[in-house]
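Notes follow the structure.
In this chain, residues are counted from 1 in sequence order.
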Amino acid sequence: MVINKKIHFEISERKILLRVFDVLSVLLALYLVGIIFKFNYFNISTTNYYWTIVLGIYISIIGTVFEMYNLQVASNQFQIIKSIVLTSSTTVLVYLLTPIYTPALPSNRLQIVFFYLAILLSLFLWRLFYVKFLASSRFVKKVILICDKDQLEELVLGLENVDPHYKVMGYINSDSIQNSTPKRKKDFVININIDKLEEFVVKNSVSEIVIASQKTDGITVSLYNQLIHLLENGYIIREYTQVYETITQRIPVQYVARDFYRYFPFSRSNQNHLYLLIVRILEILISLAGLTLGVLLSPLILFGNALGNRGKLFYTQERIGKNGVVFKILKLRTMVKNAETHGAVFTTINDSRITAFGKFLRKSRIDEVPQFLNILKGDMAVIGPRPERPIFVNEIAEVMPFYETRHVIKPGLTGWAQVNYSYGETIEDSLIKLQYDLYYIKHRSIFLDINIVLKTFSTVLFYRGQ
């Protein structure tokens with residue numbers, strides 16, 4: 001069998017590609033500007049190599065904040081232009097304002113214009129090339145799914161909605177193994193005849209087979225032999241939960257059922273005393289800085305509350321903390337008085353109970369500033385699953401397995417679910433947020449924490465609070 005695979009970059013590879021070529025394109029542009037024009041503000045040489053390193057770090061960090069490395073944004077020509085302008089402008093501003101690590105400000109202000117345009121245009125041209133060629137269908141990863149027919153649509157959309165370059169070309173029905181003629185159901189995905197599997201793989205340049213069936217009897221001898229043959233010829237065969245976790249960066253608890261703990265080893269960071277000590281010190285420093293910011297904003301908050309809320313400024317509410325311990329969370333009031341006269345309900349988008357000033361507080365996340373006191377007390381962490389109310393925990397835990405597993409660590413002011421998913425309004429939303437929370441608990445590390453902090457800045461800057 002002749003292997004015919006087209007180029008495809010995995011998610012992590014694409015993100016590395018973007019970061020590396022962002023920096024290289026900028027450095028190349030600055031080098032060319034230095035040759036063509038009388039540009040001497042930024043010279044690349046062995047004596048000032050640290051200028052280059054600092055610029056590369058700034059581009060990478062600031063680009064992360066402004067979603068330059070969000071693959072869905074990177075593949076959209078209009079969204080990426082906004083990110084490029086914000087990243088270029090902020091990078092140049094920060095670079096110019098840190099002359100300790102960067103060149104001294106030039107006396108000729110035209111040098112600054114050259115510097116800015118070189119960064120802006122180089123990022124724009126490189127990213128335009130990426131959108132037109134590297135993010136094109138030529139680099140789509142084509143896969144085949146082996147699953148039960150009734151799970152097909154949910155499984156496919158669960159992957160394709162997250163990664164636009166991941167394409168399920170067809171499926172083999174493991175629930176009903178009958179060699180029916182391949183057909184298209186509602187133009188959704190092709191049902192492949194088992195005997196035609198290898199032929200389909202070669203013809204459609206499929207690079208991976210994903211097995212989602214939990215029924216061992218669905219893998220017949222004929223199918224098993226073909227899978228072995230494909231494996232021997234260099235094709236990748238993976239289990240669905242592994243693929244799902246890698247692409248979506250959340251744990252698919254709805255598929256692992258009773259075998260959950262086979263797929264969910266806790267991160268060693270949860271018991272690493274050095275890691276926990278460093279995190280606690282940083283939490284105290286961040287909390288003190290956050291409370292200081294709250295004091296500086298207090299005139300605005302008091303004025304807005306008197307005008308738009310007309311009542312108490314603070315309110316407390318019971319939440320579930322680490323190991324299921326109940327504590328009282330402190331927040332700025334954003335709803336009308338007696339908002340839960342008819343009982344506790346999830347907050348929804350455009351909730352009529354939220355006041356005009358309360359919407360501003362929620363969108364800007366200022367309403368959560370008092371929670372830094374909860375962090376200082378040790379009830380909460382800066383990063384972790386958002387603390388939920390006891391009544392909702394009991395309700396969700398009855399219908400959702402493993403929900404209370406999120407209580408093995410402290411709840412957080414921000415978290416992996418908060419920066420990746422919108423505000424939860426339903427039980428289904430809570431399931432998705434649970435998947436993100438469990439992913440964080442499983443992969444908890446200083447690098448993931450930094451990622452969450454940067455994404456949180458992006459969320460606040462783009463005013464995505466709810």
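For Lys377, the salt bridge (Lys or Arg N to Asp or Glu O under 4.0 Å) partners are Asp379, not counting sequence neighbours. For Arg333, the side chain to side chain donor-acceptor pair (under 3.5 Å) test picks out no residue, with sequence neighbours left out. Every residue was checked against the ring pair (Phe, Tyr, Trp, His ring centres under 6.0 Å) condition with Tyr275, not counting sequence neighbours, and none meets it. Taking Phe66 as the reference, nothing meets the ring pair (Phe, Tyr, Trp, His ring centres under 6.0 Å) condition, with sequence neighbours excluded. Qualifying ring pair (Phe, Tyr, Trp, His ring centres under 6.0 Å) partners for Phe129, counting only residues two or more places apart in sequence or in other chains: Phe133. For Leu125, the side-chain contact (heavy atoms from CB on, under 4.5 Å) test picks out no residue, with sequence neighbours left out. For Tyr95, there are no side chain to side chain donor-acceptor pair (under 3.5 Å) partners two or more places apart in sequence or in a different chain. Every residue two or more places apart in sequence or in another chain that forms a salt bridge (Lys or Arg N to Asp or Glu O under 4.0 Å) with Arg127 is listed here: Asp22. By the ring pair (Phe, Tyr, Trp, His ring centres under 6.0 Å) test, Trp51 pairs with no residue at all, sequence neighbours left out.
Sorted pairs that involve residues 407-422 and meet salt bridge (charged side-chain N to carboxylate O under 4.0 Å, His left out), not counting sequence neighbours, are lacking altogether. Sorted by first then second residue, the salt bridge (charged side-chain N to carboxylate O under 4.0 Å, His left out) pairs that include residues 284-293, not counting sequence neighbours, number zero.
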Any chance you could lay out the side chain to side chain contact (heavy atoms under 4.5 Å, CB included) test for Ile192 and Ile144, step after step, and finish with the verdict? CA-CA 9 Å; Ile192 305 169; Ile144 289 174; 3.8 Å; yes
Please report the C-alpha distance between Met68 and Thr64 in whole Å, then the side-chain angles of each, then the deciding distance to 0.1 Å, and finally whether the side chain to side chain contact (heavy atoms under 4.5 Å, CB included) criterion is met. CA-CA 6 Å; Met68 291 279 286; Thr64 300; over 6 Å; no
Verify side chain to side chain contact (heavy atoms under 4.5 Å, CB included) between Leu413 and Phe372, making sure each step is shown before the conclusion. CA-CA 8 Å; Leu413 184 65; Phe372 285 117; 3.6 Å; yes
Take Lys442 and Glu245 through the salt bridge (Lys or Arg N to Asp or Glu O under 4.0 Å) test and state the conclusion after the steps. CA-CA 11 Å; Lys442 179 177 179 180; Glu245 182 176 339; 3.1 Å; yes
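Taking CD1 of Ile391 as the start and CD1 of Ile396 as the end, the distance is 10.5 Å to the nearest 0.5 Å. Atom CG of Leu17 is separated from atom CZ of Arg19 by 12.0 Å, given to the nearest 0.5 angstrom. Here OH of Tyr440 is found 14.0 Å from CD1 of Ile251. Values are rounded to the nearest 0.5 Å. Interatomic distance, Leu71 CG to Tyr166 OH, rounded to the nearest 0.5 Å: 15.0 Å. Distance CD1/Ile172 to CD1/Ile209: 8.5 Å, rounded to 0.5 Å. Taking CD1 of Ile80 as the reference point, atom CG of Asn70 lies at 8.5 Å (rounded to 0.5 Å).
Counting heavy atoms from C-beta outward, Leu123 and Ser25 have side chains that approach closer than 4.5 Å. In this structure, Lys331 and Gln371 have side chains that are in contact, with non-hydrogen atoms separated by less than 4.5 Å. Counting heavy atoms from C-beta on, the side chains of Leu332 and Ile366 come closer than 4.5 Å. A heavy-atom distance below 4.5 Å is found between the side chains of Ile16 and Val20. Lys322 is not listed as a side-chain neighbour of Val408, based on a closest heavy-atom distance of 4.5 Å or more. With a 4.5 Å cut-off on side-chain heavy atoms, Tyr240 and Ile146 do not count as touching. Two residues are said to be in side-chain contact when any heavy atoms from C-beta on lie closer than 4.5 Å; Ile329 and Pro387 meet this criterion. Using a 4.5 Å cut-off on side-chain heavy atoms (C-beta onward), Arg280 and Ile284 make contact.
Between the Thr98 side chain and the Tyr101 main chain, no donor and acceptor come within less than 3.5 Å of each other. A donor-acceptor contact shorter than 3.5 Å is absent between the side chain of Thr316 and the backbone of Lys328. In this structure a side-chain-to-backbone donor-acceptor pair under 3.5 Å is missing from Asn76 to Gln72. Of the possible polar contacts, one joining the Asn394 side chain to the Pro390 backbone as a donor-acceptor pair under 3.5 Å is found.
Within a 6.0 Å radius of CZ in Phe200, other residues, nucleotides and ligands contribute more than 12 heavy atoms.
Listed here is the closest heavy atom pair of Ile194 and Gln226: O-NE2, 2.7 Å. Taking each heavy atom of Gln249 and Trp416 in turn, the nearest pair found is O-NE1, 2.9 Å. Looking at every heavy atom in both residues, Leu30 comes nearest to Ala118 through CD2-CB, 3.6 Å. Here the closest heavy-atom approach between residue Arg406 and residue Arg386 is recorded as NH2-O, 2.8 Å. Closest non-hydrogen pair, Leu18 versus Ala74, comes out as CD1-CB, 4.0 Å. For Asn173 against Asn191, the heavy-atom pair with the smallest separation is N-OD1, 4.1 Å.
Gln435 and Tyr244 share a side-chain donor-acceptor pair at under 3.5 Å. A donor-acceptor pair shorter than 3.5 Å cannot be found between the side chains of Asp367 and Thr334. For the residue pair Asp148 and Tyr171, no side-chain donor N or O sits within less than 3.5 Å of a side-chain acceptor on the partner. Side-chain polar atoms of Glu388 and His407 form no donor-acceptor pair below 3.5 angstrom.
With Phe327 as the aromatic partner, Arg319 does not meet the cation-pi criteria of under 6.0 angstrom to the ring centre and within 45 degrees of the ring axis. Both the sub-6.0 Å distance and the 45° axial angle are not jointly satisfied by Arg250 relative to the ring of Tyr439.
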Going by atom type alone, with no hydrogens or angles, which donor-acceptor pairs under 3.5 Å involve a side-chain atom of residues 86-93 and a protein atom two or more places apart or on another chain?
residue, atom, partner, partner atom, Å
Thr87, OG1, Ser83, O, 2.7
Ser88, OG, Ile84, O, 2.8
Ser89, OG, Val85, O, 2.8
Ser89, OG, Tyr116, OH, 3.1
Thr90, OG1, Leu86, O, 2.8
Thr91, OG1, Thr87, O, 2.7

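Checked options Asn161, Val168, Val143; the residue passing with Val156 is Val168 (criterion: side-chain contact (heavy atoms from CB on, under 4.5 Å)).
Glu368 and Arg362 are not joined by a salt bridge, as no carboxylate oxygen comes within less than 4.0 angstrom of a charged side-chain nitrogen. A salt bridge links Lys141 with Glu208: at least one charged nitrogen is closer than 4.0 Å to a carboxylate oxygen.
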